[in-house]
Structure formats: structure tokens, C-alpha cells
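This structure is a prediction, so every number in the text was calculated from the model and none was measured.
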There are 2 protein chains.
Amino acid sequence: MDVSTLPPPVTHESDTCAVVRAILARVGDKWSILIVRMLGDGSMRFSELRRSIEGISQRMLTLTLRNLERDGLVERTVTPTTPPRVDYELTDLGRSLQSITEAFGRWAVTHRDQIENARIRFDARQ
Amino acid sequence: MDVSTLPPPVTHESDTCAVVRAILARVGDKWSILIVRMLGDGSMRFSELRRSIEGISQRMLTLTLRNLERDGLVERTVTPTTPPRVDYELTDLGRSLQSITEAFGRWAVTHRDQIENARIRFDARQ
DNA sequence: CGGTATCCGTTGAGATACTG
DNA sequence: CAGTATCTCAACGGATACCG
């Protein structure tokens, strides 16, 4: 058996940390999660996303979608009509991320008060 | 029964999204997850963290720890000796976050290759 | 409609020096 | 040892204008 083909058994955790950190940096930006969640209900076109995500600029929507597409989380489909039509939908990879963000969402909702209270107490001490 | 006292039953998901986004922004920064994971093994003092987290500056370690403390994820204990000793450890709230970050970590490790390949293909198309 | 390109203010984060 | 203060530069992100 060739040992070199074994997955590294997480000898030093920093590897894993670096990966987690990279993913979080990717999906932890201002708009990615919001977009992934919106697309969770099915394919949407650019202007739909733009309208349904309050406060996002056209530039940031484009940039965020490009990054998600680059990472293989979102697929972009162009229909070259006039006017052009561009649809976005989650890939299998993108959908696999959903359960994680949902777990995160439940944690956030469950603990939001604890965090809020901790902040109030902390700020009061200063 | 006063309807106004009922928690909003997530009529529109944007509320939840905002919370998730805020938490991700908090814990999705460059160093927080790394610190939470280091502290997962038990209490550590400032200089220990500094040495074990490669590349972090003293300033960013201080700032990140302060933010984690403010949100109630980390507890700071000062022992006023000379030289002073400051220990950091996860609170219950911080530990409750661990299972989430671990799930995230498993997802990241499992799909890192898919993401990497998606990037390579995307960049090749440009 | 679905983008790019450009400008510009705000924030993030490293380097360095100083302090109780 | 465990910070704080200051400086600096880069990245993020909004506003606006233009294009196929």
C-alpha cells in the first residue's frame, strides 16, 4: 500500500485551519451568503437578485457572483437574446454548502441574544 | 393575546440572513476561527497564542481577542503578577460554536479540491 | 438587460515604537 | 509580558457613468 496516496491525517491542524479560513473569507464577505440563500430556492436572473437583495450595488452583485462562479458554487447561464438574459443557479457544490450555512444560521439565531447581551455588558464595562 | 409580542416567524428570510451575515463577518475575519480552534484544546496565554498562530501581529491578536471577548465567545483572565499573565479560554458560547466550525472545516476539507479545480477551469476560460 | 470602468471614501491590517 | 499608539499601505465597497 502506497502511503503517499493516503490523505494527510491532519498531522498539524493549521492546514485545516487555513482551508477553513480561506472558505470563510470567500463566503463570509458581505453578500455571498445572502446570494447563496436566495439561490437556494431556485434559479434567478441578475435583475431579480438585484431587486431582492436590498442595498447591493450592481458592481458588488457582479463581483460576488463572479467569485461564486469561479469557486464552482454558482453556475451562470447566458441566453443571448435582446435584451440578454442571464440566469444564476447553485451547483451541486453550492447546494452542499447550504446545509452548513443553515446550521450556521440556526446557531446565529439561537445565540444572537447571548451575543447581544455580551456586547452590552462588555461595552458597559469600558 | 398581543400579536406584537410574538417573534416574527421569519416572514421574510432577510432577517435571518442579516444575523448570519453579521456572525460570519464577526467570525469570518482573518484570525477569529484560527483562535477559536486553538483555544478549543484549552486555555492559552497571550504569548502562547502569538507563537502558535504563525503570521499574526501583536496588534491583530489583541484586536481579534477583544472582539471575541466582546461577543462573549472568549473569556480573558488577568493575573496581576510581574510580569503580568493573561489567559484566554472559550466560554460555553464559544464552545457551542466549535461544532459549527468543525462542520465547516469538514466541508472545506472535503470540497477543497472541487473548489480548486473549479478555479483552475474558470481561470483557464478567461 | 447585464454588465465594465473609474473614482473615491472607509476599513483592514502590517510594521514599528513605546508603556505599566 | 501584554499590551497601546501611530503610521502606512492595500483591499473593500459604494456611486456614477458608459457600453453591447
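- Scored by the salt bridge (Lys or Arg N to Asp or Glu O under 4.0 Å) test, A:Arg59 finds no partners at all (sequence neighbours excluded).
- Nucleotide C:dT11 holds its C1' atom 13 Å from the CG atom of B:Asp29, rounded to whole Å.
- Distance from the side chain of A:Tyr88 is smallest for C:dG3 among the nucleotides C:dG3, D:dA2, C:dC1.
- The distance from atom CG of B:Asp87 to atom P of D:dC1 is 14 Å, rounded to the nearest whole Å.
- Of the listed nucleotides (D:dA2, D:dC1, D:dG13), D:dA2 has the atom at the smallest distance from the side chain of B:Arg76.
- Of the listed nucleotides (D:dG14, D:dA2, C:dG2), D:dG14 has the atom at the smallest distance from the side chain of A:Lys30.
- As judged by a 4.0 angstrom heavy-atom cut-off over every strand, A:Arg59 is placed among the base-contacting residues.
- Of the candidate nucleotides C:dG2, D:dG14, D:dC1, D:dC1 has the atom nearest to the side chain of B:Arg45.
- Per the geometry, CG belonging to A:Leu65 stands 16 Å off P belonging to C:dC1, to the nearest Å.
- Distances were taken from every side-chain heavy atom of A:Thr62 (C-beta onward) to each of C:dT4, D:dA2, D:dG14; the shortest belongs to C:dT4.
- With respect to B:Asp87 and B:Arg85, a salt bridge is recorded, a charged nitrogen being found less than 4.0 Å from a carboxylate O.
- A:Arg21 CZ to A:Arg26 CZ: the interatomic distance, rounded to the nearest 0.5 Å, is 15.5 Å.
- Taking atom CD1 of B:Ile53 as the reference point, atom P of D:dA2 lies 14 Å away to the nearest angstrom.
- If you take CG on B:Leu34 and CD1 on B:Ile53, they are separated by 5.0 Å, rounding to the nearest 0.5 Å.
- Between B:Leu49 atom CG and D:dA2 atom P there is a gap of 10 Å when expressed in whole angstrom units.
- Candidate nucleotides C:dA17, C:dC1, C:dG14 were compared by shortest atom distance to the side chain of B:Ser57, and C:dG14 ranks first.
- In terms of phosphate contacts, B:Arg51 brings no side-chain nitrogen or oxygen within less than 4.0 Å of OP1 or OP2 of D:dA2.
- Counting to the nearest Å, the P atom of D:dT4 and the CD atom of A:Gln126 are 10 Å from each other.
- Nearest to the side-chain atoms of A:Arg66 among the listed nucleotides D:dG20, D:dT4, C:dT4 stands C:dT4.
- Looking only at atom types and distance, the side chain of B:Asp29 has a donor-acceptor partner in the side chain of B:Ser32 under 3.5 Å away.
- Residue A:Arg85 contributes atom CZ, which lies 16 Å from atom C1' of C:dG3 at whole-angstrom precision.
- When rounded to the nearest whole Å, the span between CG of B:Leu34 and C1' of C:dA13 equals 15 Å.
- Comparing C:dA13, D:dG13, D:dG20 by their nearest atom to the side chain of B:Met60 picks out C:dA13.
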